[in-house]
Amino acid sequence: MAISHATRNRRTALVTGATGVIGRAIVEGLSSVGTLQVLPTGRNPDKVTTLYPSHSGKVLPGIVLDQGSKDSILALKNQWDFPLHVLVINASATPKKKELTAEGIETQWAVNVLGYHRLIKAMAPLLFRSSQEAGEPSRIVLVASCWAGDLNLSDPEFKQRPYDNGSAYRQSKQAERMLAYAWAIRLQEQYGMFSTGTYKGCPFVTVNACHPGEVNTPLSNSLGFGGHESPSEGADTPVWVATAKELASVSGGWFTYRKRSVCRFASDTVSVGKLWDLVESYG
Ligand SMILES: NC(=O)c1ccc[n+]([C@@H]2O[C@H](COP(=O)([O-])OP(=O)(O)OC[C@H]3O[C@@H](n4cnc5c(N)ncnc54)[C@H](OP(=O)(O)O)[C@@H]3O)[C@@H](O)[C@H]2O)c1
């Protein structure tokens, strides 16, 4: 596995959707921070290996990860035998017509919601162990969106209502923001906080969500938008949330253009609980 190219004395970050416009800029941004080395992942084997063919600077050779597939996520987890300190979940799909994954799940729900949830669940124990070894919190960053809302917990896969990709996207981005908050609480309950050292009182694993910015990408075009910001401007907030020293102890936050604000979806704790039960029901 590409991780065998990694160096043990560096912190390691994994980025999903690293073949996309913002994903590529996140890989570049992270690899320019301190000693971080970055493992790019993508669903398309040709694309990810063409973009990231070999170990270059602090970027490792790309590997395949289909975020819409439970098997692919579990395969990644089972192959991983290296510390992991930063997980940036960025991959999202928004097909114009309703599509189902191989598991028979509506694609946006599978990739943008279950994929985010399953990846955190799969990698959290490793992130925790890595934070203990490093003596520094590990971080999970969910790339979500300001354009979010109208989550329908009774019909998440558009079985009872007509599909349109904007509605499916908006509800998926709302769900990501709610899950970021739910996981922040859960991981702090599960693993607790550092009791000594520089990070005394900080959670072992932090989870935050952010809006990347308005960038012209296949995804934004599929939703009928362009985007006036550059890819590196779009990557700025995700990279900052993943690396800024001042955020080492912050968990459960929602960030837009490096500013923290209250997420109205995350503060609806009853719905967050219902969403948690729903995503867990998929296994
Ligand atoms: N662009 C904006 O203005 C904007 C605004 C707010 C939020 N965002 C968020 O930013 C993130 C990145 O989007 P983007 O705008 O950079 O779009 P993009 O260029 O179209 O990139 C989307 C990425 O997701 C990948 N992907 C799709 N399905 C996947 C799957 N099943 N498994 C793994 N990867 C998969 C794509 O892979 P392929 O390369 O193989 O297609 C691509 O790498 C998304 O989470 C999006 O919601 C973007």
Side-chain angles (χ1 to χ4, degrees), residues 14-29 39-52 62-76 87-96 99-103 105-119 122 140-149 165-177 179-180 208-239 241-242 254-257 263:
L14 184 150
V15 179
T16 77
T19 54
V21 177
I22 295 173
R24 289 198 297 267
I26 292 174
V27 170
E28 199 181 324
L39 179 62
T41 71
R43 65 171 161 182
N44 180 323
D46 290 341
K47 211 168 167 179
V48 76
T49 49
T50 303
L51 269 172
Y52 306 103
I63 60 162
V64 175
L65 173 64
D66 179 351
Q67 201 174 283
S69 158
K70 186 178 177 185
D71 288 348
S72 182
I73 290 171
L74 291 180
L76 173 80
L87 172 62
V88 180
I89 312 178
N90 160 75
S92 287
T94 181
K96 283 194 169 147
E99 289 176 8
L100 303 184
T101 63
E103 274 175 84
I105 301 169
E106 189 278 310
T107 295
Q108 295 210 50
W109 189 251
V111 177
N112 309 4
V113 182
L114 300 181
Y116 277 57
H117 183 70
R118 287 167 167 174
L119 203 46
I140 301 172
V141 179
L142 286 76
V143 180
S145 180
C146 288
W147 202 51
N165 73 335
S167 303
Y169 179 76
R170 289 182 69 247
Q171 74 158 11
S172 75
K173 293 289 142 180
Q174 174 179 348
E176 289 169 6
R177 289 163 57 174
L179 287 172
N208 291 292
C210 65
H211 175 79
E214 316 292 326
V215 185
N216 194 3
T217 69
L219 181 142
S220 73
N221 296 166
S222 166
L223 293 165
F225 298 110
H228 61 283
E229 288 167 87
S230 69
S232 60
E233 284 170 328
D236 179 71
T237 298
V239 170
V241 175
W254 163 239
F255 294 88
T256 309
Y257 300 105
C263 174

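We use all heavy atoms of the structure for the numbers below, so side chains are in, but hydrogens, waters and symmetry mates are not. Start at 1 and go down the list; that is how both ligands and their atoms are numbered. If you're wondering where the values come from, they're calculated on a predicted model, not measured in any experiment.
- Residue pairs meeting the side chain to side chain donor-acceptor pair (under 3.5 Å) criterion with at least one member in residues 226-239, sequence neighbours excluded, are E229-Y257, S230-S232, S230-E233, D236-R258.
- Proximity of a side-chain donor or acceptor of T41 to a complementary backbone N or O of V15 within less than 3.5 Å is detected.
- Within 4.0 Å of ligand 1, the residues that place a heavy atom are G17, T19, G20, V21, I22, R43, N44, K47, L65, D66, Q67, G68, N90, A91, S92, A93, V111, Y116, V143, A144, S145, Y169, K173, H211, P212, G213, E214, V215, T217, P218, L219, S220, listed by chain and number.
- Smallest separation of non-hydrogen atoms from I22 and N90: CG2-OD1, 4.1 Å.
- S222 and N165 share a side-chain donor-acceptor pair at under 3.5 Å.
- With hydrogens and angles disregarded, no donor-acceptor distance shorter than 3.5 Å links the side chain of R43 to the backbone of L65.
- Judged purely by distance below 3.5 Å, without hydrogens or angles, the side chains of S172 and N112 pair a donor atom with an acceptor atom.
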